[in-house]
Engineer: 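Quick one: structure below, then a few questions.
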Protein chains: 2
Amino acid sequence: MKRPTLEAVAARAGVSKSTVSRVVNGDTTVTPNFRELVLRAVNELGYVPNSVARSLVTQRTNSIALVVSDPPAGLFSDDPMFSAVVRSASRALEAASKQVVLMLAGSDESRVRVQEYVAAGHVDGVMLVSFYGADPLPAALMRMGLPMASFGKPVSAPSVPYVDNDNLGGARQAVEHLLSRGRRRIATISGPLDMIASQDRLTGYRETLRDTGRRSIIAVGDFTRVSGDQAMCQLLEDDPGLDAVFAANDLMAIGALHALRRAGRRVPDDVAVVGFDDIEAALYTDPPLTTVRSPMADQALAVVSLLLGLFEDGRADPVILPTELVIRESS
Amino acid sequence: MKRPTLEAVAARAGVSKSTVSRVVNGDTTVTPNFRELVLRAVNELGYVPNSVARSLVTQRTNSIALVVSDPPAGLFSDDPMFSAVVRSASRALEAASKQVVLMLAGSDESRVRVQEYVAAGHVDGVMLVSFYGADPLPAALMRMGLPMASFGKPVSAPSVPYVDNDNLGGARQAVEHLLSRGRRRIATISGPLDMIASQDRLTGYRETLRDTGRRSIIAVGDFTRVSGDQAMCQLLEDDPGLDAVFAANDLMAIGALHALRRAGRRVPDDVAVVGFDDIEAALYTDPPLTTVRSPMADQALAVVSLLLGLFEDGRADPVILPTELVIRESS
DNA sequence: CTGAAAGCGCTTACAG
DNA sequence: CTGAAAGCGCTTACAG
């Protein structure tokens, strides 16, 4: 029942442990004869190296933590983007033959758990996504001195190398598109104002309108569907004459569509709607949603590259990925 | 830069390594004086036990693998239920102070990687979700002899203890509800027929109709939105007179709504629609979707319980969780 | 209650 | 090219 050890293999093959270790690790300096003997014993015994023992001596674990830090309400972990991050990051890391250890930090206790886990040497590096403005975790993790890269710039640790999409440019594209469609009174539903991504998208919206001498009409949501619904109601109350809305993510755009439907406004005839992210659901709204896309898979690849770069040079520079406007029927 | 070791703490505190180890592990047989000394040294040095070394001697890792096995197309990892599983499982495991190691197995190579990882002793047990009928992974993992529990009954390893919702009963509820609304020609969109959950939902549909002398109208999808859309088109072609459809999950129901809209059928006036899962998006469809709910959080809790039971007694029996019909405006 | 010693299963200089 | 030995950082009987 017990797993065979290196020693058992050595005994069976009639060689030393050193030799077995060399063969198992692909060392080329082993005589074919010996290698043959060892491989046979490995097969017969079904030997698999104990990676804990190996890690103890090599000081590497081959694992990377993917830390998702969320406010207690769990905003992000309910977002389809969450699956996208997890999936893309896993695939990219797998390609680099690293293992992903997912850690959800949704409370103060779990944040402590994450710190201890990282401090205990379980992982070689960390990939971070923090959806929580005041989150102290990025800074705390930073202090441990491990290689670390982030999806988006973390508020509490702006010096962490990060990958982000061009939030400002993306918002610009969205608003310029609405302007080009002849919309006059363009509102926005912003994300939480303590997040840098929200700030940037809001800035892009504001600046674009200001450039054309138009005024901003703003409501603030928290990136959930329900907050988009509420924000839209608020906007309709503030300015019943609005003819377009840019939601800072697709989930809020979906909520906004819902509110508009209840209010009896037709989309896009009365009000045009544009989102951000291009989640799958954007294809299935009624009408299908115009949105700003920045593929998560690209971001994951970039974050993994940053991390690998950190392992080698110790240096890594932020990466900003371009966005693309996807025009559908809601605008 | 190097992390302090047990030995360094012992030296600083002027005691033996044994004593430090005892204090760190909460052994109560240590004299308050000594304990005091050790704790001070631990703080001064910022000592955190190296968990790799600890695992090597204790033979436990305190980690559980959450293995998500998907067909190459990645059906499940695009499903909102995926986040729900991951999130719920993480929380439940955290409550049991175990660490989650997420492994996505979406190809043959990655399946091998998962096996090796488990064989290498990285985890104490595995939680499995297999969305792939012919998946050989569950059986392979079973053979390693580790404690293992599954979300849903795996086709290739039916003896693995599992937790599932009452798929048959849930489908029954859905169809009986449609019948009680006076619907006469009730179609269904099934999931992949090689998955047990699909089979059970289909059986529930079939039996309920058969009991009332009605005939089945069936199209097969693969649990994605787009397949629901296509299946709905097919059904409308097969039987233009249908007045209701039961989709085996919400994603396909969303696709069906899309197809019905294009075909100019009103929901629920012309065709009533019922889904399965009760994902968040079901609240935001137009009209909001009637569906069958079985909370993922409960399932996760149950799977974790099975696993913990396995660690203790070595025995665990399958658990079937009840479903609940959530009636909204689509039916 | 405390400490010296052995050992968990590997890797890696160091001799030969 | 191969092997004996030391060591990675802990825990745990075993004496005292």
Side-chain angles (χ1 to χ4, degrees), chain A residues 1-42 45-63 116-124, chain B residues 1-42 45-63 116-124:
Chain A
M1 206 57 245
K2 218 168 160 321
R3 293 170 42 194
T5 66
L6 226 199
E7 185 150 21
V9 176
R12 176 131 193 163
V15 301
S16 72
K17 296 196 300 174
S18 312
T19 300
V20 176
S21 176
R22 291 190 185 103
V23 171
V24 168
N25 289 294
D27 191 325
T28 53
T29 69
V30 181
T31 308
N33 273 354
F34 276 66
R35 146 174 264 95
E36 193 53 29
L37 246 35
V38 170
L39 289 179
R40 182 171 316 152
V42 164
L45 262 31
Y47 172 70
V48 179
N50 179 320
S51 55
V52 170
R54 178 180 281 172
S55 288
L56 182 58
V57 26
T58 60
Q59 310 279 31
R60 280 178 295 96
T61 66
N62 253 320
S63 302
E116 284 175 348
Y117 190 81
V118 172
H122 266 112
V123 295
D124 299 336
Chain B
M1 207 58 247
K2 219 169 158 321
R3 293 170 42 194
T5 66
L6 227 200
E7 186 151 19
V9 176
R12 176 129 192 165
V15 302
S16 72
K17 295 197 300 175
S18 313
T19 300
V20 176
S21 176
R22 290 188 186 108
V23 171
V24 168
N25 288 294
D27 192 323
T28 53
T29 70
V30 181
T31 307
N33 274 352
F34 277 66
R35 144 173 267 98
E36 193 52 29
L37 246 35
V38 170
L39 289 179
R40 181 171 315 151
V42 163
L45 262 32
Y47 172 70
V48 180
N50 178 321
S51 55
V52 171
R54 178 179 280 174
S55 288
L56 182 57
V57 27
T58 61
Q59 309 279 30
R60 280 179 294 98
T61 65
N62 255 321
S63 301
E116 285 175 348
Y117 190 81
V118 172
H122 266 113
V123 294
D124 298 337

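First the proteins, then the strands, lettered A, B, ... as listed; each starts at 1. Since the structure is predicted, the reported quantities are computational estimates derived from the model, not experimental observations.
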Engineer: Assess the side chains of A:Thr29 and A:Asp27: does a donor N or O sit below 3.5 Å from an acceptor N or O?
Structural biologist: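 Short answer, yes.
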Engineer: Please list all pairs passing the side-chain hydrogen bond (donor to acceptor under 3.5 Å, both in side chains) test where one or both residues lie in residues 6-20 of chain A, with sequence neighbours left out.
Structural biologist: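 Counting only pairs at least two positions apart or across chains, the side-chain hydrogen bond (donor to acceptor under 3.5 Å, both in side chains) contacts touching residues 6-20 of chain A are A:Arg12-A:Glu44, A:Ser16-A:Thr19.
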Engineer: Checking side-chain contact (heavy atoms from CB on, under 4.5 Å) between A:Val23 and each of A:Val42, A:Val30, A:Val9, which is the one that passes?
Structural biologist: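 Result: among A:Val42, A:Val30, A:Val9, A:Val30 is the only option passing the side-chain contact (heavy atoms from CB on, under 4.5 Å) with A:Val23.
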Engineer: When you measure from the side chain of B:Ser55 to the backbone of A:Val52, do you find a donor-acceptor pair of N or O atoms at a distance under 3.5 Å?
Structural biologist: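 Pair absent, no side-chain N/O of B:Ser55 close to backbone of A:Val52.
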Engineer: Is the shortest side-chain N/O distance from B:Ser21 to OP1 or OP2 of D:dC10 below 4.0 Å?
Structural biologist: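 For D:dC10, neither OP1 nor OP2 has a side-chain N or O of B:Ser21 closer than 4.0 Å.
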Engineer: Could you check which residues of residues 26-34 of chain A get a heavy atom under 4.0 Å from DNA chain D? Sort them by number, please.
Structural biologist: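 The stretch gives A:Thr29, A:Val30, A:Thr31, A:Phe34 as the residues lying under 4.0 Å from the strand, ordered by number.
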Engineer: Could you state the atom-to-atom distance from CG of B:Asn25 to C1' of D:dT12 in whole Å?
Structural biologist: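 B:Asn25 atom CG is separated from D:dT12 atom C1' by 11 Å.
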Engineer: How many whole angstroms separate atom CD of B:Glu7 from atom C1' of C:dG3?
Structural biologist: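 Going from B:Glu7 (CD) to C:dG3 (C1'), I get 13 Å.
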Engineer: On a heavy-atom basis, which atom in A:Tyr47 and which in A:Leu6 lie closest, and how many Å separate them?
Structural biologist: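 Of all heavy-atom pairs spanning A:Tyr47 and A:Leu6, the closest is CE1-N, 3.5 Å.
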Engineer: Heavy atoms from C-beta onward define the side chain here; which of C:dT11, C:dC10, C:dT2 lies closest to that of B:Thr19?
Structural biologist: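 The closest nucleotide is C:dT2.
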Engineer: Between A:Asn25 and A:Arg54, is any pair of side-chain heavy atoms under 4.5 Å apart?
Structural biologist: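 In short, these two side chains touch, coming nearer than 4.5 Å.
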Engineer: Are any of the side-chain heavy atoms of A:Val20 and A:Val15 separated by less than 4.5 Å?
Structural biologist: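 Yes, at least one pair of side-chain atoms sits under 4.5 Å.
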Engineer: Over how many whole Å does the gap from B:Leu45 atom CG to D:dG9 atom P extend?
Structural biologist: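 Checked: the CG to P distance equals 14 Å.
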Engineer: Please work out which residues in residues 49-59 of chain B have a non-hydrogen atom less than 4.0 Å from an atom of DNA chain C and list them by number.
Structural biologist: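 Heavy-atom cutoff 4.0 Å gives B:Leu56, B:Val57, B:Gln59.
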Engineer: Could you spell out the base pairing of DNA chain D as a dot-bracket line? Use Watson-Crick and G-U wobble contacts where both distances are under 3.5 Å, [ ] for crossing pairs, | for partners on a different strand.
Structural biologist: |||.||||||||.|||
Engineer: In Å and rounded to the nearest 0.5 Å, what is the CG to OG distance from B:Leu56 to A:Ser51?
Structural biologist: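 Spacing of CG (B:Leu56) from OG (A:Ser51) equals 10.5 Å.
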Engineer: Taking atom P of C:dG3 as reference, at what distance in whole Å does atom CG of B:Leu6 sit?
Structural biologist: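 Rounded to the whole Å, the gap is 13 Å.
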Engineer: Could you tell me how far apart A:His122 (NE2) and D:dC10 (C1') are, to the nearest whole angstrom?
Structural biologist: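 Rounded to whole Å, this separation is 13 Å.
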Engineer: Working to the nearest 0.5 Å, report the span between NE2 of A:His122 and CG of B:Asn50.
Structural biologist: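 Answer rounded to 0.5 Å: 8.5 Å.
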Engineer: What are the atom names and distances for every N/O pair under 3.5 Å that joins the protein to nucleotides 4-6 of chain C?
Structural biologist:
residue : atom : partner : partner atom : Å
C:dA4   : N6   : B:Ser18 : OG           : 2.5

Engineer: Nearest whole Å is fine: how far is C:dT12 C1' from A:Arg60 CZ?
Structural biologist: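 These atoms are roughly 13 Å apart.
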Engineer: For a quick test of reading the model, state the closest non-hydrogen atom pair linking A:Val24 to A:Pro49 and the distance between them.
Structural biologist: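 Here A:Val24 and A:Pro49 meet closest at CG1-CG, 3.7 Å.
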Engineer: Can you give me the closest heavy-atom contact between A:Pro4 and A:Gly46, atom names plus distance?
Structural biologist: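 Looking at all heavy atoms of both residues, the shortest contact is CG-O, 4.0 Å.
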Engineer: Please enumerate all residues that pass side chain to side chain donor-acceptor pair (under 3.5 Å) together with B:Thr61, with sequence neighbours excluded.
Structural biologist: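 B:Thr61 satisfies side chain to side chain donor-acceptor pair (under 3.5 Å) with B:Asp124 once adjacent residues are dropped.
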